[in-house]
Amino acid sequence: MSFEQRTISCGALRPEHDTQHVTLNGWVNARRDYGGIIFLDLRDRDGVTQIVIPAEQEPELAASIKDVRSEWVLWVKGVVRMRENPNPNIPTGLVEVRAHQIGVINPANVPPFEIVDDLLTNEELRLAYRYLDLRRPALQRNFIVRNRLYQITHQYFAEQGFLEVETPVLTKSTPEGARDFLVPSRINKGRFYALPQSPQLFKQLLMVSGFDKYMQIVKCFRDEDLRADRQPEFTQIDVEMSFIRQDDILATAEGFVRRAWSEIRGMEVQTPFARMTWHEAMSTYGSDKPDIRYGMHLVTLTDTLRTCAFSVFTDAIAAGGIVAAINATGCGAFSRKQIDELTDHAKKYGAKGMPWLKFAGGELTGSFVKFLSADEQQAILQALDAKEGDLMLFSVGEFERACTVLGALRTEVARRTGILESLRGTFSFHWVTEFPLLEYSDEEQRWVARHHPFTAPLPDDMQRLMTDPTGSRALAHDLVINGYEAAGGSVRIHENAVQQRMFDLLGFTQADAEAKFGFLLSALQYGAPPHGGIAFGFDRLVMLLCETDNIRDVIAFPKTTSGLSLMDGCPSTVDTRQLGDLGISLVQ
RNA sequence: GGGAUCGUAGCUCAGUUUGGUUAGAGCGCCGCCCUGUCAAGGCGGAGGUCGCGGGUUCGAGCCCCGUCGGUCCCGCCA
């Protein structure tokens with residue numbers, strides 16, 4: 001269908017265009033029909049402009065748009081003029097276009113939901129009509145931010161001397177880590193490619209090749225259960241550097257984040273970022289990715305309560321566990337019901353219960369106060385800096401579990417008391433370092449890598465690898481922004497012997513290691529430089545910059561939490577012939 | 001794999017507690033009126049597989065069982 005092509009965008013019109021002849025293309029945002037005069041709001045990516053049709057004077061023009069409704073696609077020829085009644089709420093509000101000719105480019109069905117920003121429609125329907133959902137300016141703004149971050153990423157890393165190199169999407173399935181998405185091979189029946197969980201091994205091999213500084217904006221795939229901030233396919237800024245120490249990686253990352261926040265948010269972020277060890281993060285905040293914009297720190301009370309009369313505490317301590325607490329300042333008025341809800345919350349994270357104390361009317365009340373001596377009560381109040389009207393929540397047990405429970409309670413209390421809401425638009429940036437290198441899996445009866453099997457230990461802990469790896473720490477680093485893991489990485493093992501030992505600890509036989517990772521072990525014997533890197537969660541950075549807590553708001557065509565695409569209906573069944581080509585038959 | 005919660009008009013929801021006549025409201029949609037609105041306004045109208053299947057009952061939107069789907073969370077996510 002022919003149409004008059006636009007001379008300017010709908011969102012660009014300003015008083016300086018007064019009296020100019022223009023042609024606009026766009027979607028009808030709204031129609032206000034007064035009989036004698038008709039207003040159409042025409043929308044494109046840039047904004048909305050009001051079109052005026054003086055129906056009284058031009059009945060033929062009015063008749064030509066009689067059927068035009070929301071979401072029809074039009075071209076409009078007319079003259080820009082100043083409005084009699086300006087609308088201060090929109091950027092184009094001082095002007096309007098007096099139409100002389102209007103053409104329908106394409107009519108539209110009545111949409112299943114209105115294209116407005118303050119949309120309350122359920123996500124199921126929005127995802128089924130994603131192309132309509134994406135017409136909403138609020139969502140389009142997110143993709144404008146996303147685009148700017150692509151540009152900043154390429155500019156910054158290019159300026160820093162990084163080379164972008166593409167790595168394969170069809171790769172080898174490896175054990176360890178997330179479940180792989182598999183792609184059957186037609187030419188080699190019975191064999192499979194895997195989609196990469198990340199280009200980890202390839203970027204290390206690029207270091208061996210001498211590329212020195214590598215980066216890539218790259219899709220990664222993990223076949224695991226989803227969350228509000230997790231999709232099965234997601235984007236990383238993958239970075240790797242040679243001949244560096246950990247500080248170099250962190251400084252490079254800090255420079256990038258500072259640039260992004262400066263250009264997109266207009267905020268000057270202070271660098272270097274604060275650093276805390278994993279142990280500090282867990283014992284102070286109860287999380288390895290804490291939101292440090294507010295306090296409510298965990299306080300360890302193990303020594304204070306070691307000899308108290310409350311067996312829940314003393315039994316846990318005797319078993320090697322800890323007792324810790326947070327002070328939910330000012331929550332002393334929480335009802336029994338609210339405390340029960342907090343207890344349920346604690347139980348989701350593996351707590352058996354949630355002992356609590358209230359300080360009100362100058363005295364302590366609570367679930368276990370009768371087991372405490374006056375000295376112990378005093379010590380608790382002092383340690384938690386508890387004042388009149390405060391509520392104290394306790395957790396006991398093994399260190400990581402007990403801390404995690406309090407960390408979850410800390411977040412929940414912050415949410416319920418409006419602390420999180422009051423922090424909207426603010427950001428905190430910090431590093432968490434010295435993660436445990438390995439953790440023992442009771443389920444698998446073996447050590448597993450906490451980060452990944454290629455992570456180097458702290459030099460001080462290298463000896464432990466040869467004897468007992470318990471307590472060994474990794475040269476790993478996570479960048480945490482507002483409680484989100486925004487990036488993570490490590491210095492890698494670059495010596496064959498150390499890497500062999502790591503596989504050994506993980507329970508791989510030499511033959512296993514050779515079969516799964518032989519190419520890496522081999523590469524490490526041909527002159528591998530010391531190297532390390534980091535990968536940013538690109539979608540999460542965009543989420544933070546857009547201040548949304550839903551990853552689907554920053555991915556154009558996302559999946560639901562059960563991994564379905566409601567628009568195109570994938571995953572779908574396939575033709576038996578396709579399966580036959582691949583040598584695959586389905587189990588009934 | 002597990003837990004919570006939701007599913008009623010095109011959309012957002014009420015109705016479910018205590019089963020009972022013809023399932024309601026706002027927005028949207030359709031028609032008419034209207035020359036300065038911008039969430040236009042006024043009058044009128046159409047519109048329902050109460051997610052789906054089974055059961056209990058004289059009778060089910062409401063109770064029971066199962067199932068599908070959305071969201072959030074635990075496990076999982078090197």
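Proteins come first, then strands; the chains are lettered A, B, ... in the order of their sequence lines, and each starts at number 1.
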Work out how far the P atom of G15(B) is from that of G24(B), and round it to whole angstrom. 15 Å
Write down the partner of U71(B) under the Watson-Crick or G-U wobble criteria, each distance required to be under 3.5 Å. A4(B)
Which part of the nucleic acid, if any, lies within reach of Phe454(A) when heavy atoms closer than 4.0 Å are counted: base, sugar-phosphate only, or nothing? nothing
Distance-only donor-acceptor hits, side chain of residues 193-201 of chain A, under 3.5 Å, sequence neighbours excluded:
| residue | atom | partner | partner atom | Å |
| --- | --- | --- | --- | --- |
| Gln197(A) | OE1 | Ala178(A) | N | 3.1 |
| Gln197(A) | NE2 | Ala178(A) | O | 2.7 |
| Gln197(A) | NE2 | Asp180(A) | OD1 | 2.6 |
| Ser198(A) | OG | Gln200(A) | N | 3.3 |
| Gln200(A) | OE1 | His452(A) | NE2 | 3.4 |
| Gln200(A) | NE2 | Gln204(A) | OE1 | 2.9 |
| Gln200(A) | NE2 | His452(A) | NE2 | 3.4 |

With no hydrogens and no angle check, do the side chains of Thr343(A) and Asp340(A) hold a donor and an acceptor under 3.5 Å apart? no
For Ser562(A), which contact category applies under a 4.0 Å heavy-atom criterion: base, sugar-phosphate, or nothing? sugar-phosphate
Do Asp46(A) and Ser9(A) have side-chain atoms, one donor and one acceptor, less than 3.5 Å apart? yes
Quick one: does Arg179(A) reach the base of G75(B) with a side-chain donor-acceptor pair under 3.5 Å? no
Taking the side chain as C-beta and beyond, is there a heavy-atom pair between Arg230(A) and Ile551(A) under 4.5 Å? no
Evaluate Phe503(A) against Phe517(A) for ring pair (Phe, Tyr, Trp, His ring centres under 6.0 Å), listing each step before the verdict. CA-CA 9 Å; Phe503(A) 288 142; Phe517(A) 298 108; 4.8 Å; yes
When we call it a touch if two heavy atoms are under 4.0 Å apart, what does Gln200(A) touch: a base, just sugar-phosphate, or nothing? base
Do nucleotides 1-12 of chain B as a string where each nucleotide becomes B, S or -: B if the base has a protein heavy atom under 4.0 Å, S if just the sugar-phosphate does, - if no protein is that close. B--------SSS
Identity of whatever pairs with C62(B) - Watson-Crick or G-U, under 3.5 angstrom: none
Need one value for Glu485(A): base, sugar-phosphate or nothing, where a base atom within 4.0 Å counts as base even if backbone is also close, heavy atoms only. nothing
Hey, are the side chains of Asp291(A) and Thr411(A) touching, using non-hydrogen atoms and a 4.5 Å cut-off? no
In short, Met543(A) meets Asp229(A) closest at the heavy-atom pair CE-CB, 4.1 Å
I would like to know whether Arg32(A) and Gln50(A) meet side-chain hydrogen bond (donor to acceptor under 3.5 Å, both in side chains); could you show each step before the answer? CA-CA 10 Å; Arg32(A) 291 180 294 280; Gln50(A) 173 166 286; 3.0 Å; yes
Just call it for Leu226(A): base, sugar-phosphate, or nothing, with non-hydrogen atoms closer than 4.0 Å on any strand. nothing
Under 3.5 Å, is there an N or O donor on one side and an acceptor on the other linking the side chain of Arg230(A) and the base of C76(B)? yes
Taking for each residue the nucleotide of RNA chain B bearing the nearest heavy atom, is the 5' side occupied by Leu564(A) or by Arg222(A)? Leu564(A)
If pairing requires Watson-Crick or G-U wobble contacts with both distances under 3.5 Å, which nucleotide is the partner of G19(B)? none
So which atom in Glu96(A) and which in Met82(A) form the shortest heavy-atom distance, rounded to 0.1 Å? OE2-O, 4.3 Å
Which part of the nucleic acid does Arg81(A) contact within heavy-atom distance under 4.0 Å: base, sugar-phosphate only, or nothing? base
Find every protein N or O atom lying less than 3.5 Å from an N or O atom of nucleotides 38-41 of chain B, and list the pairs.
| residue | atom | partner | partner atom | Å |
| --- | --- | --- | --- | --- |
| C38(B) | O4' | Arg32(A) | NE | 3.2 |
| C38(B) | O2 | Gln50(A) | OE1 | 3.4 |
| C38(B) | O2 | Arg83(A) | NH1 | 3.2 |
| C38(B) | O2 | Asn87(A) | ND2 | 3.2 |
| C38(B) | N3 | Arg83(A) | NH1 | 2.6 |
| C38(B) | N4 | Asn85(A) | O | 2.6 |
| C38(B) | N4 | Pro86(A) | O | 3.4 |
| A40(B) | N9 | Tyr34(A) | OH | 3.2 |
| A40(B) | N6 | Asp33(A) | O | 3.1 |
| A40(B) | N3 | Tyr34(A) | OH | 3.3 |

5' priority, RNA chain B, between Pro453(A) and Asn550(A) [closest heavy atom]: Asn550(A)
U71(B), OP1 or OP2 - any side-chain N/O from Arg552(A) closer than 4.0 Å? yes
Is Lys219(A) salt-bridged to Glu233(A), cutoff N-O under 4.0 Å? yes
